[in-house]
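By convention in this document, chain letters (A, B, ...) are assigned in the order of the sequence lines, proteins followed by strands, and residues within each chain are numbered from 1. Please read these numbers as outputs of a predicted model, since none were measured by experiment.
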Protein chains: 2
Amino acid sequence: MSAEKNLTGVRRSRPRGTADGKDKATARDELRTAILAGEYMPGERLVEAQLIERFGVSRFNIRLALQDLAGEGLVEIQRNRGAHVRKISLAETIEITQVRMVLEGLVAAQAADRVTEAEASELDEIGLLMRRAVEAGEFRRYSDLNQRLHGLIRKIGAHATADRLIGTLRAQLARHQFMLSLLPGRPAVSLPQHERIITAIRDRDPAAAETAMREHIASVVEVLRSLEDTPAAHG
Amino acid sequence: MSAEKNLTGVRRSRPRGTADGKDKATARDELRTAILAGEYMPGERLVEAQLIERFGVSRFNIRLALQDLAGEGLVEIQRNRGAHVRKISLAETIEITQVRMVLEGLVAAQAADRVTEAEASELDEIGLLMRRAVEAGEFRRYSDLNQRLHGLIRKIGAHATADRLIGTLRAQLARHQFMLSLLPGRPAVSLPQHERIITAIRDRDPAAAETAMREHIASVVEVLRSLEDTPAAHG
DNA sequence: GTTCGCACGATTGTCAACAATCAGTTTCCT
DNA sequence: AGGAAACTGATTGTTGACAATCGTGCGAAC
């Protein structure tokens with residue numbers, strides 16, 4: 001048998017399949033998940049040694065992961081001072097949401113151009129579930145459906161460049177995002193907006209889809225602006 | 001005398017500012033400039049050893065610089081295969097330009113909200129110079145003014161988040177950008193578009209400013225779409 | 001009691017050697 | 001000859017050690 005041809009190498013761990021680097025990528029993803037889950041609070045220091053211990057990755061890869069997350073705007077690296085979870089001000093939250101508004105508007109318009117019958121049905125179904133969730137007062141479920149709807153629209157729009165940017169922007173807002181949908185009266189306002197978006201895309205009306213999406217997110221911006229005067233809302 | 005005092009309080013050679021001390025940031029900036037200047041063609045391999053020799057920076061910093069530029073979408077790093085200048089397809093160029101369209105539209109709208117008298121005059125002046133440049137057939141000058149106009153609008157709009165994204169997107173298109181403004185008949189088409197943008201901002205009309213900016217860049221998208229059928233336009 | 005300077009510990013930045021991997025070529029067997 | 005396994009040179013990935021830097025606590029001078 002040719003068992004011996006193997007003995008020169010230590011076991012090569014076969015970088016399986018799609019193989020983006022294993023270590024750096026996993027470290028980055030796990031750290032991002034941890035930050036988004038709130039395990040590290042904004043402003044908190046990310047000490048390399050601690051991350052090494054927690055994720056079991058070499059310092060080199062931890063460093064690369066931090067570098068990547070800095071590029072995504074999730075952490076901030078100051079020379080000789082290490083990495084912190086980036087703190088995002090309310091003003092910046094508004095800016096980011098504005099950018100999301102125009103990007104998701106673009107994607108919605110393109111989705112209206114490309115939507116198939118099957119996808120239209122899926123949209124309708126989500127719309128129905130949303131209505132039921134609101135009527136039943138299931139806000140958490142509504143929030144999930146909200147994400148699913150936006151995700152489906154992004155899938156239909158198939159705009160890789162916009163998708164990537166929206167993804168990083170959403171990540172930056174992950175914490176605030178959650179807060180918003182729980183504001184009193186919010187679902188009652190946003191449900192009809194969502195339904196308008198769905199209708200426009202189903203009707204293959206790009207302009208209407210973009211307008212509806214923008215109005216929807218613009219109303220979020222308005223809520224954020226109203227918070228600018230009530231500074232207690234930060235925590 | 002007390003010579004030993006010196007060894008702790010050693011004078012830092014203050015690599016602080018823009019001294020010739022080559023670090024990661026300078027390496028990154030110089031490499032980016034080189035790529036944008038066309039010294040490395042799309043798809044060309046960026047061998048670390050060569051970059052070390054060219055920029056006189058350690059491999060470590062070269063590596064970090066490449067990593068950064070990968071984050072900006074200028075180079076692509078494949079594991080164990082090194083870094084290449086990222087090739088941007090025509091389809092992707094269209095996507096990027098679409099994103100630029102909505103982002104610069106957003107910035108233009110905000111610029112119309114915030115423009116001061118002095119800035120309005122500056123806009124008018126650029127508009128005048130543009131008209132003269134077109135009439136005189138000075139296309140290169142027109143192209144420069146074009147960039148200056150868009151830059152001024154970004155400055156007036158003061159939308160940090162959108163600005164940053166627009167910057168990286170523009171960098172990705174740097175090569176094509178240049179080509180576009182030299183297409184026959186392009187200035188004649190874009191000049192009135194620019195003038196409409198300027199007028200709308202000067203009149204403090206955000207909606208009109210956004211519309212004008214979007215129409216302007218949409219026409220660029222149309223040109224790009226028309227190229228999709230004439231594959232010879234790639235080189 | 002306060003302030004300034006200074007050494008110290010903790011943490012990050014950098015480097016050079018080592019290991020792994022890839023692309024191209026050679027060799028060997030059929 | 002033809003194709004696959006195996007070498008070779010070049011290039012990239014990773015590790016551990018070392019240097020630079022920052023924040024802090026102690027002590028001396030006033």
Side-chain angles (χ1 to χ4, degrees), chain A residues 1-28 31 40 43-70 75-86, chain B residues 1-17 19-28 31 40 43-71 75-86:
Chain A
M1 310 309 202
S2 51
E4 12 220 87
K5 60 192 279 203
N6 223 355
L7 61 78
T8 62
V10 213
R11 86 184 142 248
R12 302 98 63 82
S13 57
R14 260 314 189 192
R16 277 226 22 98
T18 58
D20 214 270
K22 259 175 71 171
D23 280 341
K24 173 196 135 187
T26 45
R28 183 191 53 201
L31 178 53
Y40 296 101
E44 186 172 346
R45 210 170 149 194
L46 297 168
V47 181
E48 294 177 0
Q50 296 173 1
L51 301 177
I52 290 170
E53 187 164 351
R54 163 155 188 185
F55 297 109
V57 184
S58 70
R59 189 154 90 97
F60 186 83
N61 283 323
I62 287 288
R63 204 147 230 277
L64 258 50
L66 286 172
Q67 191 99 2
D68 273 13
L69 294 180
V75 314
E76 191 175 19
I77 299 180
Q78 293 169 298
R79 189 185 171 88
N80 289 325
R81 288 190 175 190
H84 299 250
V85 179
R86 198 161 81 94
Chain B
M1 297 292 207
S2 54
E4 42 230 42
K5 227 173 152 179
N6 203 354
L7 61 84
T8 60
V10 53
R11 279 293 155 63
R12 299 89 71 91
S13 54
R14 80 200 66 85
R16 261 280 166 257
D20 52 345
K22 309 271 201 169
D23 57 355
K24 171 197 133 189
T26 50
R28 182 191 54 202
L31 178 54
Y40 295 101
E44 185 172 346
R45 217 174 140 189
L46 297 168
V47 181
E48 295 177 0
Q50 295 174 1
L51 301 176
I52 290 169
E53 186 164 353
R54 163 155 187 184
F55 297 110
V57 185
S58 70
R59 188 154 91 96
F60 184 83
N61 284 322
I62 286 289
R63 199 152 238 274
L64 258 51
L66 285 172
Q67 193 89 11
D68 272 14
L69 294 180
V75 314
E76 192 175 18
I77 298 180
Q78 293 169 300
R79 190 183 170 85
N80 290 323
R81 287 190 176 190
H84 298 250
V85 179
R86 197 160 82 94

Nearest 0.5 angstrom please: [X] [atom1] to [Y] [atom2], how far?
X	Y	atom1	atom2	answer
B/K24	B/S58	NZ	OG	12.0 Å
B/N61	B/T26	CG	OG1	7.5 Å
A/R79	A/I77	CZ	CD1	12.0 Å

Could you write out each protein N or O paired with an N or O of nucleotides 14-16 of chain C at a distance under 3.5 Å?
{"residue": "C/dT14", "atom": "OP1", "partner": "A/R79", "partner atom": "NH2", "Å": "3.4"}
{"residue": "C/dC15", "atom": "OP2", "partner": "B/S58", "partner atom": "OG", "Å": "2.4"}

(request) Using the test side-chain hydrogen bond (donor to acceptor under 3.5 Å, both in side chains), find all partners of A/Q67 that sit at least two apart in sequence or belong to another chain. (result)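 In terms of side-chain hydrogen bond (donor to acceptor under 3.5 Å, both in side chains), with neighbours along the sequence ignored, A/Q67 is linked to B/D68.
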
(message) I'd like to check the side-chain hydrogen bond (donor to acceptor under 3.5 Å, both in side chains) partners of A/E44; sequence neighbours left out, ordered by chain and number.
(response)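 If we apply the side-chain hydrogen bond (donor to acceptor under 3.5 Å, both in side chains) test to A/E44, skipping adjacent residues, there are no hits.
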
Check the distance between [N]'s [atom2] and [X]'s [atom1] and give it to me in whole angstrom.
X	N	atom1	atom2	answer
A/I52	D/dG16	CD1	C1'	11 Å
A/Q78	C/dT11	CD	P	16 Å
B/R45	D/dA10	CZ	P	13 Å
A/L51	C/dT11	CG	C1'	12 Å
A/I77	C/dT12	CD1	P	10 Å
A/E48	D/dC22	CD	P	16 Å

(message) Counting only side-chain heavy atoms from C-beta out, which of C/dT12, D/dT11, D/dG13 sits nearest to B/N80?
(response) D/dG13

(message) My understanding is that only residues two or more places apart in sequence, or in another chain, count here; which of them pass side chain to side chain contact (heavy atoms under 4.5 Å, CB included) with A/R86?
(response)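 A/R86: side chain to side chain contact (heavy atoms under 4.5 Å, CB included) contacts with A/E76, A/I88, A/E92, A/Q172.
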
Produce the list of close N/O pairs, under 3.5 Å, pairing protein atoms with atoms of nucleotides 7-9 of chain D; give distances to one decimal.
none

(request) Quick one: closest heavy-atom pair of A/V57 and A/I62, and the distance? (result) O-CG1, 4.0 Å

(message) For A/R81 and B/V47, find the nucleotide of DNA chain D closest to each by heavy atoms; which residue's nucleotide sits nearer the 5' end?
(response) B/V47

Got a list of side-chain donor-acceptor pairs under 3.5 Å for residues 49-56 of chain A, not counting sequence neighbours?
{"residue": "A/R54", "atom": "NH1", "partner": "A/E39", "partner atom": "OE1", "Å": "3.1"}
{"residue": "A/R54", "atom": "NH1", "partner": "A/Y40", "partner atom": "OH", "Å": "3.4"}
{"residue": "A/R54", "atom": "NH2", "partner": "A/E39", "partner atom": "OE1", "Å": "2.7"}

(request) Looking at every strand, decide which applies to B/L46 at a 4.0 Å heavy-atom threshold: base, sugar-phosphate, or nothing. (result) sugar-phosphate

(request) Please examine the side chains of B/L66 and B/L31, heavy atoms only from C-beta on, and report whether any two atoms are closer than 4.5 Å. (result) yes

